[in-house]
Trainee: 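Please read through the structure below; I'll follow up with questions.
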Amino acid sequence: MNDFLAARSQMALSLGFHIVFSCIGMVMPFFMAVSHFYWLKTGNIIYKNVTKAWSKGVAIFFATGAVSGTVLSFELGLLWPEFMKHAGPIFGMPFSLEGTAFFIEAIALGFFMYGWDRFNRWFHWFTGLVVGISGLASGILVVSANSWMNDPSGFDYINGQYLNIDPIKAMFNPGWYQEALHMSLAAFAATGFAVAGVHALMILRKKNLLFHTKAFKIAVIFAAIAAILQPISGDKSARYVAKRQPAKLAAMEALYFTGNSVPLIIGGIPDSKNKKVNYDIEIPGLLSFMVNRDFHSTVKGLDSIPPENQPPVAITHYAFQIMVGLGMIMMLISIIYLAGAITKKKWRNSRWLLRLFVYAIPTGFIAVEAGWILTEVGRQPWILQGIMRTSEAVTPMPGIKYTFYLFTAVYFSLALVVIFLLFRQIKMVGKLYDVPENINLQMN
Amino acid sequence: MLYVVVGFLWISILLYLLLAGADFGAGILELVSSPKSKIITKKLMYRIMGPIWEANHMWLIISIVILFVGFPAVYTVVSVHLHIPLVLMLMGIIARGTAFSFRNYDAVKDEMQLVYSRIFVYASIVTPLFLGIIAGSIVSGKIDPAANTFMSAYIYDWLDWFTLSVGLFTVFICGFLASVYLIGESDSEEQRLLFFKRTRNMNAGAFLSGALVLIAARLENIPVYHWLFGNLVSASAIISALLSLVVFWFLFYKRKSGLLRILAAFQLTMIFVAVTYSHYPNIVLFKNGSSISLNEPGDNHTINALGWALLIGSIFILPAVFYLIYSFTERKGNQFYR
Ligand code: HDD
Ligand code: HEM
Ligand code: HEM
């Protein structure tokens with residue numbers, strides 16, 4: 001493995017690791033705020049137990065998210081010093097505000113986690129909500145930094161110099177809104193599906209039914225709404241990509257040649273040598289329609305991009321297919337569930353529906369990882385679209401592969417420990433939070 | 001605005017030293033404690049550090065963000081040449097933060113606790129050790145931008161007797177801060193005595209390793225003496241630190257705990273004042289005698305925006321931080337603590 005590849009892999013690993021924890025850190029506080037709210041309103045002890053059980057699990061994720069995020073803020077310089085030298089002052093605004101948001105989050109977290117029975121109940125509830133709001137804000141801010149890398153703005157690039165820097169304009173770059181919306185929805189969908197699935201599994205096993213039913217319901221509402229909105233926002237993102245990063249769009253659709261009435265390709269194996277896609281399903285004219293709202297319009301293919309500026313096609317294409325495929329599945333499950341819940345059909349509590357949610361536990365997070373691979377790999381060979389190449393940005397230090405191995409080992413073991421701890425938490429629910437209950441599975 | 005940003009950078013680093021230093025120190029104390037006092041330390045620490053460790057840790061993030069947004073030249077030079085100690089420090093941060101939380105939140109308390117504890121205490125030493133090494137090498141004038149071998153570009157910048165002793169000094173300072181802090185938090189006479197003893201040992205350690213720093217500086221031809229006494233401000237800072245140390249010892253001998261922590265924080269602040277003042281505005285010193293100055297930020301618009309962001313942010317943050325620390329500090333009339 002050469003150092004450049006090692007640096008890219010280490011970055012991908014660290015970000016791919018961090019994103020799981022940051023999604024959970026952004027979303028779980030909202031779930032907790034809801035159940036906490038019910039506890040304060042109704043005095044039903046189960047809601048308190050749900051809140052507390054969640055908060056203990058979340059503490060583990062928070063700590064892991066915080067340390068992996070800290071690592072990232074150093075890694076940007078450790079791996080990409082040349083990039084940071086120029087980009088730091090331009091896209092730094094979201095990071096400085098993000099710092100504020102994290103700080104508020106960390107403070108509120110201290111109050112919330114250690115403040116049970118110490119403070120005014122509603123003040124305590126409010127600190128929990130603040131954790132969620134500031135977490136979400138920090139996610140949005142950091143994504144705005146990323147969308148600036150995809151679509152640089154807020155400076156003039158003249159003769160290799162970065163002049164007339166406007167950090168505010170860079171922060172509100174034209175892409176930030178779509179990307180932030182899509183990412184926030186993704187966090188809710190992914191976390192919601194994972195949490196709902198775990199509680200669905202426990203319901204199926206007839207463990208602590210009241211507890212798990214209440215937890216399931218809170219998570220599933222967020223998950224379902226986000227998952228239904230997600231494809232709409234994804235469509236917005238795709239049209240934006242088509243406009244600003246045609247190379248990425250061409251790669252994710254494996255579109256080798258520019259053409260009119262371009263079909264949408266589903267699945268398939270791109271063959272970059274012969275410039276065609278095998279074993280795919282084609283829907284005539286749909287890509288043209290999706291990009292320009294016109295079935296006969298022109299879509300730019302990879303042939304319009306100089307070969308040295310083309311991203312890897314296969315990875316980008318697969319990542320896109322996986323994300324969209326899973327997104328469709330999640331949307332369908334959500335529609336079924338909501339339809340059942342709204343019309344109060346009996347099957348809304350049936351085992352097959354719960355089982356669907358169990359199978360869907362990892363879907364959201366896989367889609368998140370796939371989406372990020374699409375975004376980041378699809379930007380290659382640029383670290384800063386059209387301005388700086390990734391290979392120009394990498395650190396001169398040799399031997400990066402060893403730090404890559406080190407980080408891989410550390411993150412791998414951390415992931416194992418976190419899973420192990422989570423299993424223990426779930427197993428202990430019965431012991432810690434059991435209330436005498438008359439077993440009924442009413443979901444309303 | 002440049003001064004606002006530099007001021008925030010200075011304060012963030014100082015607060016990180018003081019707050020996270022006490023936090024690291026608590027882990028160090030766990031290592032040197034007997035099994036029984038270990039439990040006492042652990043309990044106290046959970047109660048006091050638990051709610052604030054994430055917030056303490058944020059001062060590091062703020063410093064890093066200020067550096068890469070405002071002074072990217074500093075951030076990149078340090079990241080390139082001190083890559084290895086930075087990675088090792090990060091390993092310490094990862095291990096420490098996660099082990100601490102896992103120990104608290106593991107639903108089952110079994111022999112895994114021992115594993116977490118072991119990782120936690122060793123990481124509590126590794127992190128400040130490398131922090132000290134990094135700080136020492138930034139100012140030691142050993143970073144060589146013209147280096148052309150692996151060793152001279154990526155190892156000798158940070159590995160010498162001077163940086164190692166600064167690292168050791170940092171470790172003892174952390175232990176010292178923690179033990180002084182915990183004296184005031186103890187809830188029995190027995191605990192108080194325990195932490196008095198620890199304070200004595202850590203103070204002695206800090207003193208000796210401080211002397212080691214001076215000796216190593218001589219060995220490596222680093223003009224530390226000149227930094228500390230070469231200008232009026234630094235010299236008076238050092239002298240007031242020494243005077244307050246005398247007061248500290250006197251109160252310590254009388255077993256008066258009230259002022260101790262303020263004095264300890266004061267001493268550290270004065271050392272920090274002395275060292276930073278004698279270099280200001282230079283922050284990274286190179287082997288060839290040149291340096292990077294804080295007066296040459298990456299971009300002036302960005303410094304303005306950053307300054308406003310920091311000012312506005314601190315309106316929200318500072319009261320909340322102090323209220324947080326206040327709420328979870330034991331004091332008479334705080335009936336909630338147990
Ligand atoms: C739960 C996760 C999830 C789901 C169900 C979807 N996405 Fe997504 N997608 C993401 C999670 C995600 C992501 C991981 O969050 C990304 C990476 C960068 C970003 O902002 O969001 C992303 C990026 C991303 C991009 C690239 C944006 C860019 O590079 O600027 C496009 C074009 C789409 N998505 C389109 C879609 C479409 C058409 C979907 C239809 C079902 C879809 N996504 C479902
Ligand atoms: C947390 C979600 C994210 C994930 C999972 C992710 C994933 C990845 C992946 C897979 C790569 C490697 C691409 C390649 O080299 O082929 C990469 C590179 C990179 N990402 Fe991201 N990314 C995320 C968010 C961000 C954000 C928010 C930023 C910046 C603010 C960012 C900055 C970078 C940089 C600087 C590189 C290295 C240069 C490059 O390869 O272009 N990433 N990321
Ligand atoms: C899309 C990508 C990202 C998202 C959505 C995201 C979001 C978050 C969130 C919500 C947290 C709070 C901790 C938690 O909830 O567990 C967090 C922590 C953190 N993130 Fe990220 N992050 C992303 C990528 C990055 C990148 C690229 C960096 C670095 C440049 C970064 C730096 C940090 C830092 C320093 C922390 C620690 C804060 C603390 O100590 O509480 N994040 N991130």
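We name chains A, B, ... by the order of the sequence lines, and we start the count at 1 in each one. The structure displayed is predicted, hence computed values, not measured ones.
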Trainee: With only heavy atoms counted, which part of A:L421 is less than 4.5 Å from chain B, the side chain, the backbone, both or neither?
Mentor: side chain
Trainee: Flag yes if more than 12 heavy atoms outside B:Y122 fall under 6.0 Å of its OH atom; otherwise flag no.
Mentor: no
Trainee: Between B:I66 and chain A, with a heavy-atom cut-off of 4.5 Å, which part of the residue counts as in contact: side chain, backbone, both or neither?
Mentor: neither
Trainee: Looking at A:Y405, I'd like to know if its OH atom is crowded, meaning that more than 12 non-hydrogen atoms belonging to other residues, nucleotides or ligands lie closer than 6.0 Å.
Mentor: yes
Trainee: Identify the residues of residues 84-93 of chain B whose heavy atoms come closer than 4.5 Å to a heavy atom of chain A, ordered by number, or report 'none'.
Mentor: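 The list, in residue order, reads B:I84, B:L86, B:V87, B:M89, B:L90, B:M91, B:I93.
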Trainee: Mind ranking A:K85, A:H86, A:M397 by heavy-atom pairs under 4.5 Å with chain B and telling me who comes out on top?
Mentor: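 The candidate making the most pairs under 4.5 Å is A:M397.
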Trainee: Against chain B, label A:F420 side chain, backbone, both or neither, depending on which of its atoms sit under 4.5 Å from a heavy atom there.
Mentor: side chain
Trainee: Find the one option among A:I104, A:L414, A:L97 whose heavy-atom pairs under 4.5 Å with chain B are most numerous.
Mentor: A:L414
Trainee: Could you verify whether a donor N or O on one side chain and an acceptor N or O on the other, from A:T395 and B:H83, lie under 3.5 Å apart?
Mentor: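 Looking only at side-chain atoms, B:H83 and A:T395 do not form any donor-acceptor pair under 3.5 Å.
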Trainee: For B:L306, is it the side chain, the backbone, both, or neither that has a heavy atom closer than 4.5 Å to a heavy atom of chain A?
Mentor: both
Trainee: For A:F412, is the CZ atom crowded, meaning more than 12 foreign heavy atoms sit under 6.0 Å from it?
Mentor: no
Trainee: Can you tell me how the ring of A:F95 sits relative to the ring of B:F68, calling it parallel under 30°, perpendicular over 60° and tilted otherwise?
Mentor: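 Ring orientation, 0 to 90° scale: perpendicular.
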Trainee: Identify, with sequence neighbours excluded, every residue that meets side chain to side chain contact (heavy atoms under 4.5 Å, CB included) alongside A:V58.
Mentor: A:M28, A:M32, A:F62
Trainee: Is it true that, when you exclude A:Y402 itself, more than 12 heavy atoms of the residues, nucleotides or ligands shown sit nearer than 6.0 Å to its OH?
Mentor: no
Trainee: Taking side chain as everything from C-beta outward and backbone as N, CA, C, O, which of these in A:L78 sits under 4.5 Å from a heavy atom of chain B? Side chain, backbone, both or neither.
Mentor: both
Trainee: Contact part of A:S96 toward chain B, heavy-atom cut-off under 4.5 Å: side chain, backbone, both or neither?
Mentor: both
Trainee: Need one label for B:I94: side chain, backbone, both or neither, based on atoms under 4.5 Å from any heavy atom in chain A.
Mentor: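 Both backbone and side chain of B:I94 come within 4.5 Å of chain A.
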Trainee: Examine whether an atom of B:F71 lies under 4.5 Å from a heavy atom of chain A, and if so say whether it belongs to the side chain, the backbone or both; otherwise answer neither.
Mentor: neither
Trainee: Compute whether any side-chain donor of one residue and acceptor of the other, for B:S124 and B:E30, lie under 3.5 angstrom apart.
Mentor: no
Trainee: Identify which part of B:F322 has an atom lying under 4.5 Å from any heavy atom of chain A, answering side chain, backbone, both or neither.
Mentor: neither
Trainee: Please tell me whether B:F150 and B:Y154 form a close aromatic pair, meaning their ring centres lie under 6.0 Å apart.
Mentor: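 When the ring centroids of B:F150 and B:Y154 are compared, they turn out to be within the sub-6.0 Å range.
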Trainee: For B:F102 together with B:F120, are the ring centres under 6.0 Å from each other?
Mentor: no
Trainee: Could you check, using the six-membered ring where one of them is a Trp, whether B:F316 and A:F103 have ring centers closer than 6.0 angstrom?
Mentor: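 They do not qualify: ring centres at least 6.0 Å apart.
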Trainee: Hey, do the aromatic rings of A:F91 and A:F83 have their centres closer than 6.0 Å?
Mentor: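 Between A:F83 and A:F91, which both carry aromatic rings, the centre distance is below 6.0 Å.
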Trainee: Any idea which of B:V65, B:V78, B:D106, B:L82 has the most non-hydrogen atom pairs under 4.5 angstrom with chain A?
Mentor: B:D106
